[in-house]
Amino acid sequence: MDGGHRLLVAPVGCLLAATPGLLIGRVQPILPLLAIGPLMAATFLGARRTVLVCCWTVLLALAAGLGAGTQLSAGFAACWGGLLVGCACSVYAAWQRGRLRERLAETREVARITQEAILRPVSRTLSGTHVSTRYHCASRESSVGGDLYDLAVTPYGLRVLVGDARGHGLDALRTAADTITMFRELAYTATDLATLARALDARLSPGLGAEDFVTAVLAEFGPGEVRLVNCGHPAPLRSGQRLELLEPRVPSLPLGLHPEPRQYRVRLQPGDRLLLYTDGLTEARAPDGTPFALLTESATALSEPMPDAALHALYERLLAHTGGPPTDDLALVLCQPTGVTAPVRV
């Protein structure tokens with residue numbers, strides 16, 4: 001119902017409430033019912049329209065008293081005065097509701113800008129690698145959840161972080177923000193990804209609970225290869241001449257649980273793409289419980305010529321499979337080296 005229709009609801013309610021009193025000449029018992037109109041207006045309308053409804057209501061009550069000849073009685077004066085007080089309270093309530101809505105809108109805008117600063121949408125070429133990102137938060141109250149990603153152009157090459165903080169809500173968001181902040185501080189000085197992962201764990205652990213942790217995968221792009229460290233996170237997916245999951249040879253615990261990560265290297269041929277993701281992709285389910293076919297769906301989606309289009313196609317396939325927005329947070333980062341690189345000895 002739009003604002004114009006809502007404006008008519010309260011006065012019509014007032015008129016219907018007063019009609020029996022006008023017909024039978026019993027105005028005084030009916031006057032309290034006229035307060036329904038201003039109350040409805042304060043609930044649905046703004047302060048200005050509530051004033052109009054209140055004026056209509058007061059005039060209607062006065063007209064009813066004049067018609068019944070009871071406008072000078074003490075009982076009618078008391079009821080009419082009470083109606084005036086109720087109208088004044090309704091206008092004040094509508095004004096306060098408008099102020100609260102404005103403040104809420106401002107707060108949400110500040111939160112949106114802050115959240116975008118935490119997770120910056122990316123679609124650009126950095127240090128010879130095109131990076132595209134896609135993020136979905138399962139919470140309606142926020143645009144950022146426990147899943148996270150970030151990237152940094154360092155002296156050692158482009159470094160990418162994708163992770164997932166355990167849990168949901170504000171605690172997971174706080175942990176995700178701390179992880180990103182520490183990555184931005186440490187990514188430029190750590191000599192290799194294993195050292196970077198251990199430094200992140202050392203910085204995160206004191207602030208985490210006994211059961212809290214962050215799964216994470218770190219990627220560093222060099223000439224003809226990518227160097228990886230996986231701390232309990234879903235394995236990256238390489239798409240090119242063949243499609244395969246890049247599982248680490250030695251599994252490692254998540255950050256916060258004092259892992260002993262090992263760096264491993266994977267050769268990248270011209271045209272290869274590397275998809276980093278969170279478990280919102282692998283654990284997605286159809287309404288009948290069927291899991292999302294990661295390899296099959298990714299093979300089709302990642303065949304799109306443009307990285308952004310490929311990431312969009314993968315997300316659309318996920319929505320088609322689940323029948324609606326994912327119920328879990330989801331972070332997708334697609335990396336594609338843009339130059340022809342010479343193969344290296346792995």
Side-chain angles (χ1 to χ4, degrees), residues 119-135 147-164 176 179-180 182-201 214-240 243-252 254-255 259 261-279 281-282 294 298 302 307 310-311 314 330-339 341 343-344 346:
L119 290 179
R120 299 165 291 186
V122 178
S123 177
R124 58 183 300 188
T125 299
L126 298 168
S127 190
T129 301
H130 185 87
V131 182
S132 299
T133 64
R134 186 71 183 253
Y135 193 88
D147 290 8
L148 59 105
Y149 67 83
D150 200 21
L151 42 131
V153 180
T154 73
Y156 311 99
L158 174 65
R159 287 179 170 176
V160 181
L161 164 70
V162 174
D164 183 1
T179 305
I180 292 174
M182 294 171 188
F183 172 78
R184 293 174 182 176
E185 294 177 0
L186 300 170
Y188 300 93
T189 56
T191 56
D192 57 71
L193 294 184
T195 302
L196 175 57
R198 286 191 290 269
L200 286 172
D201 175 76
V214 180
T215 66
V217 61
L218 294 163
E220 179 183 280
F221 291 87
E225 69 171 358
V226 60
R227 296 173 281 274
L228 297 167
V229 163
N230 194 324
C231 297
H233 198 77
L237 179 67
R238 180 175 63 179
S239 171
L243 195 71
E244 61 177 332
L245 293 172
L246 304 179
E247 296 280 1
R249 291 185 178 181
V250 180
S252 177
L255 301 177
R262 297 187 181 183
Q263 179 175 286
Y264 59 105
R265 304 164 67 191
V266 178
R267 181 179 301 159
L268 293 179
Q269 299 296 335
D272 282 356
R273 290 172 172 174
L274 188 68
L275 177 66
L276 308 174
Y277 54 92
T278 56
D279 59 7
L281 186 65
T282 55
L294 175 62
S298 297
L302 297 183
L311 210 55
L314 180 60
L330 174 66
L332 301 173
V333 179
L334 183 62
C335 305
Q336 179 178 348
T338 57
T341 55
V344 297
V346 178

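Starting from 1, each residue takes its place in the sequence as its number. As the structure is a prediction and not an experimental result, all values here were calculated from the model.
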Asker: Within this structure, what is the OG1-CG distance for the pair T195 and L186, rounded to the nearest 0.5 Å?
Answerer: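 Going from the OG1 atom of T195 to the CG atom of L186 covers 11.0 Å.
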
Asker: Does some side-chain heavy atom of E220 sit less than 4.5 Å from a side-chain heavy atom of Y156?
Answerer: yes

Asker: At their closest point, which heavy atom of C335 faces which heavy atom of T129, and how far apart are they?
Answerer: CB-CG2, 3.9 Å

Asker: Can you tell me how far CD of E247 sits from CG of N230, rounded to the nearest 0.5 angstrom?
Answerer: 7.5 Å

Asker: Looking at L311, is its backbone amide N or carbonyl O close enough to the side chain of R134 to form a donor-acceptor pair, meaning the two atoms are under 3.5 Å apart?
Answerer: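 Pair absent, no side-chain N/O of R134 close to backbone of L311.
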
Asker: Check whether any side-chain heavy atom of L148 sits under 4.5 Å from a side-chain heavy atom of L161, and report yes or no.
Answerer: yes

Asker: Looking only at heavy atoms, which two atoms of S127 and V153 are closest? And how far apart?
Answerer: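 Looking at all heavy atoms of both residues, the closest pair is CB-CG1, 4.0 Å.
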
Asker: Got T179 and D150 here, is their nearest side-chain heavy-atom distance under 4.5 Å?
Answerer: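 No, every pair of side-chain atoms sits at 4.5 Å or beyond.
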
Asker: Which residue, V333, L332, I180, V217, forms the side-chain contact (heavy atoms from CB on, under 4.5 Å) with Y149?
Answerer: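 With Y149 as partner, V333, L332, I180, V217 yield a single side-chain contact (heavy atoms from CB on, under 4.5 Å), made by V333.
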
Asker: Find out whether Y277 and L294 are in side-chain contact, i.e. whether some heavy atom of one side chain is under 4.5 Å from a heavy atom of the other.
Answerer: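 Counting from C-beta outward, Y277 and L294 do come under 4.5 Å.
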
Asker: Using the side chain to side chain donor-acceptor pair (under 3.5 Å) rule, take T278 and D147 through it: C-alpha gap first, then chi angles, then the decisive distance, then the call.
Answerer: CA-CA 7 Å; T278 56; D147 290 8; 2.7 Å; yes

Asker: Can a donor-acceptor pair be found, under 3.5 Å and without considering hydrogens, that links the side chain of T215 to the backbone of P254?
Answerer: no

Asker: Would you compute the distance between atom CG of L218 and atom CG of L276 and round it to the nearest 0.5 angstrom?
Answerer: 9.5 Å

Asker: Taking the side chain as C-beta and beyond, is there a heavy-atom pair between R262 and S252 under 4.5 Å?
Answerer: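 No; the side chains remain at least 4.5 Å from each other.
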
Asker: How many angstroms lie between atom CG of L275 and atom CG of L245, to the nearest 0.5 angstrom?
Answerer: 9.5 Å

Asker: Measuring from L158:CG to H130:NE2, what's the distance to the nearest 0.5 Å?
Answerer: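 L158 atom CG to H130 atom NE2 measures 12.0 Å (nearest 0.5 Å).
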
Asker: For A194 and V229, work out which heavy atoms get closest and say how close.
Answerer: N-CG2, 3.7 Å

Asker: Test your reading of the model: is there a side-chain donor-acceptor pair from T125 to the backbone of G128, 3.5 Å cut-off?
Answerer: no

Asker: So do the side chains of S298 and L314 get within less than 4.5 Å of each other, counting heavy atoms only?
Answerer: yes

Asker: Look at the side chain of T133 and the backbone N and O of V122, then say whether any donor-acceptor pair between them is shorter than 3.5 Å.
Answerer: yes

Asker: Could you tell me whether the side chain of V160 reaches within less than 4.5 Å of the side chain of F221, counting heavy atoms only?
Answerer: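 Result yes, sub-4.5 Å side-chain heavy-atom pair found.
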
Asker: Between R227 and G222, what is the shortest heavy-atom contact and its length?
Answerer: NH2-CA, 3.7 Å

Asker: Go through the structure and list residues passing salt bridge (Lys or Arg N to Asp or Glu O under 4.0 Å) with R273, not counting sequence neighbours.
Answerer: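 R273: no salt bridge (Lys or Arg N to Asp or Glu O under 4.0 Å) contacts found.
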
Asker: Please report the shortest heavy-atom distance between L126 and R124, naming the atom on each side.
Answerer: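 Closest pair (atom of L126, atom of R124, distance): CD2-NE, 3.4 Å.
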
Asker: With a 4.5 Å cut-off on side-chain heavy atoms, are F183 and L196 touching?
Answerer: yes

Asker: So, taking the atom named NE2 in H233 and the one named CG in L228, what distance separates them when rounded to the nearest 0.5 Å?
Answerer: 11.5 Å

